[in-house]
Amino acid sequence: MKQLSVFLENRTGRLEDVVTVLRNNGVSILSLSLADTKEFGMLRLLADRPDMAYNALKRNGFSCGLTDVLTVRLADRTGMLQELMAEFSGAGINVEYMYTWPSEGGSGESGAASNMAVVLKTSDMALTEKILAEKFRKFMLDIN
């Protein structure tokens with residue numbers, strides 16, 4: 001899945017500028033994460049049309065890029081995230097960032113709906129995908 005990363009000056013109205021450009025170009029935001037420092041912010045978002053979003057923002061003077069990320073919907077099972085992080089750590093994989101986004105529901109072990117997905121960017125995306133496929137397939141409800 002492609003994620004759009006947008007560098008923003010940390011000032012009033014700048015986030016509104018981004019979402020206005022996206023709305024005016026018919027792009028829907030699926031999920032977003034905003035982190036800031038004193039001087040700038042990093043907006044990461046998943047959009048229904050990432051290439052269109054990227055081009056529209058570039059045309060409007062925003063500094064942005066597209067990045068490959070993994071999206072995984074794991075079963076609703078206590079300890080699932082800890083087990084996943086332990087596998088990554090044991091394989092020498094650094095999780096560079098992670099956030100959640102709503103996804104279509106499924107059921108976990110407990111029968112409770114699992115309606116959140118995890119968006120991952122790691123230091124070794126190929127190995128991350130391999131670990132997910134080999135060791136967590138039975139708990140994964142969806143990947144990308």
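Being a predicted model, the structure only gives us computed values, none of them experimental. What you see below is based on every heavy atom in this structure, not just the backbone, and it leaves out hydrogens, waters and symmetry mates.
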How far does [atom1] of [X] sit from [atom2] of [Y], to the nearest 0.5 angstrom?
X      : Y      : atom1 : atom2 : result
Glu134 : Glu129 : CD    : CD    : 11.0 Å
Leu120 : Asp68  : CG    : CG    : 13.0 Å
Lys38  : Asp36  : NZ    : CG    : 11.5 Å
Leu45  : Leu57  : CG    : CG    : 7.5 Å
Asn94  : Ser89  : CG    : OG    : 9.0 Å
Leu22  : Asp17  : CG    : CG    : 11.0 Å

Flag the pair [X] / [Y] as yes when at least one side-chain heavy-atom distance between them is below 4.5 Å, and no otherwise.
X      : Y     : value
Ser123 : Glu96 : yes
Leu66  : Leu4  : yes
Met80  : Glu83 : yes

query = Can Met98 and Leu81 be said to form a side chain to side chain contact (heavy atoms under 4.5 Å, CB included), step by step?
reply = CA-CA 11 Å; Met98 177 173 62; Leu81 187 58; 4.2 Å; yes
Within one Ile-Leu-Val-Met-Phe-Trp-Tyr cluster: [X] and [Y], side-chain cutoff 4.5 Å:
X     : Y      : value
Val6  : Phe40  : no
Leu43 : Tyr97  : no
Val95 : Leu127 : yes
Met52 : Met1   : no
Leu30 : Val18  : no

query = Between the main-chain N or O of Met42 and the side-chain N or O of Ser5, is there a donor-acceptor pair closer than 3.5 Å?
reply = no
Derivation of the side chain to side chain contact (heavy atoms under 4.5 Å, CB included) call for Val69 and Leu46 = CA-CA 10 Å; Val69 293; Leu46 301 180; 4.2 Å; yes
Worked verdict on Thr128 versus Leu132 for side chain to side chain contact (heavy atoms under 4.5 Å, CB included) = CA-CA 6 Å; Thr128 299; Leu132 288 169; 4.1 Å; yes
query = For Ala53 and Ala47, which heavy atoms make the closest approach, and how far apart are they?
reply = CB-CB, 4.4 Å
key: Pairs satisfying side-chain hydrogen bond (donor to acceptor under 3.5 Å, both in side chains), at least one member in residues 41-62, at least two apart   = Asn25-Arg59
inquiry  = Quick one, Tyr99 with Leu32, criterion side chain to side chain contact (heavy atoms under 4.5 Å, CB included). Give me CA distance, side-chain angles, the key distance, then yes/no.
reply    = CA-CA 8 Å; Tyr99 57 97; Leu32 65 82; over 6 Å; no
